[in-house]
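Small disclaimer: the values here were computed from a predicted structure and weren't measured. Counting convention: from 1, in listed order, for ligands and their atoms alike.
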Amino acid sequence: MYRYILLMFCFSLVACGGSSGTSKSTSANSSAALASSQTFSSAATQLALVPLPAEVIEHNGVFDLGAEVVLSTDANAPTANQAVMRLLNSLGINSVNSAAAKIRLSLVNQADLGDEGYSLIIADDISIRAQTDAGLFYALQTLQQLLPVGRQASYKLPRVSITDVPQYAWRGSMVDVARHFFGIEYLKKHIERMAAFKLNKLHLHLSDDQGWRMEIKKYPKLTSVGGSTQAGGGPGGFYTQEELKDLVAYAANYNVEIIPELDMPGHVQAAIASYNELACDNVSNLDLYIGLNVGFSALCLTKPEVIYPFVQDVLTEVVNVFPSQYIHIGGDEIKHALYGEFIDKAGQIIKELNRTMVGWEEASAGKNLAPNTLLQLWNDDYDIKSATDRNIHLILSPCSYLYLDHGNVNGQPETYTWCRKQGVPLERVYSFNPQKYSLVTGIEAPVWSELVSSEAAMDNRMWPRLAAVAEIAWTNQSARNYQEFTQRMKSLKPYFDNAGIHYYIEPQLGW
Ligand code: ACM
């Protein structure tokens, strides 16, 4: 039966080569996890799902999905309902009441599925259950990976029961749109690609020395001046608040939340060039900046009467555009006696706006961090104990594993090497073990864009490595095995091609 299923799926995304075995189920949470297998012939491997689900049980036979289906949805799951309609439309399948095949999406009370888990059972019909809209949405992403890319007259699906829950609630991608500007349409494509791998946080680094990218109505020069260029001196660009609201709504349809970062009190040359009074009076460099250095600009921390009204005004407009609970204040790469005080004041402003602050690891210097503050760790061995001792939780972005601006391969042109000389190849990314840390809320992979000047280059830095990041964040550490991951990824090449992703052609995937 097992071989039969493999043969039936050779036309789909599934790898058909290699040996078959007798295993019929895979539990990512059990000691029989894939890590111990050398042939990787389990159901989960053969189904080529990324990220690897928690449990896959294969049944006999196949399920036929024709040109028509009876679709039953739940009105309280609008995101999943849109997603299932998008999926059916892309396959050319119509929803009618008289069809033989059924797809049922149900919201259920099943505590072990948590906020994002799901159960997907393909038997005599397709039954999808979750406690939340998000869980149903992720079941549909899994279903999509079980289907071939492109339309067919009919579709054969394996009969299978998948039960799946993520390890971490924050599964992020960070795009630096400040050093080089990337347009809204590109970000929308990126959101779709993220969602397909169950990534759920898009962190936008919206300001830095080389550019301020978010319209702030009270300070129009931030974008008319500060947004007018970028690293290397190109035309730059910025997003209007309407465009950002539209992007937020678009992302919500893919269960992706946008986390805005306005980096302060350092990394602010674009703001200073726009409003010179934000700098201390003895600062002579008030020009726009198109170079690659860091750590030279600062809001004048000894002019609280100037900078805090600015911070308050900017963050007030930020929260009016971005509904996310978390607002990222940056806080990296600046040393100043009043730095900790700045972090505390910014945290207080964010708290009064009923939001929660995220800061880079240095923000652990704040003495009065609200208990729900998140800190983003970026130097592998940064001593974050002063924060974790206060029970502050972390987002993990250790640069020697997850900075995707570093090379896919040692020596890749236009990539950084400052954190790791040999770059951070796919295997290195995948080898990151988040369990070395405690108080972990999530995993996030940044791409800093000083050296990334086109959409194709951004795609190349992100993919396929973001798929590894997605698996680190979603799948239990004990179930992960790099060789097995590459086998699943090999089969997903048609997805990457169909999505128009300019991925790095990773030799280890045989692409
Ligand atoms: C950082 O890489 N400066 C957060």
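Ring pair Phe432/Tyr437 is tilted by interplanar angle, where 30° to 60° counts as tilted. Below 30°, between 30° and 60°, or above 60°: for Phe485 and Tyr430 the angle between ring planes is below 30°, a parallel geometry.
When hydrogens are left out, the protein atom nearest atom 3 (N) of ligand 1 is Asp332 OD2, 2.7 Å; that is the closest non-hydrogen contact. Distance from atom 2 (O) of ligand 1 to its nearest protein heavy atom, with residue and atom name: Tyr403 OH, 2.7 Å.
Lys201 contributes atom NZ, which lies 9.5 Å from atom CE of Met194 (distance to the nearest 0.5 angstrom).
Salt-bridge annotation for Arg179 and Asp209: absent, with no side-chain N of the basic residue lying under 4.0 Å from a carboxylate O of the acidic one. Checked for salt-bridge contact, Glu192 and Lys188 miss the test: no charged N lies under 4.0 Å from a carboxylate O.
By the 3.5 Å distance cut-off applied to N or O atoms, Trp360 is not counted among the residues near ligand 1.
The atoms of ligand 1 that sit less than 4.0 Å from any heavy atom of Trp448 are 1 (C), 2 (O), 4 (C).
With a 4.0 Å cut-off on non-hydrogen atoms, Gln376 does not touch ligand 1 at all.
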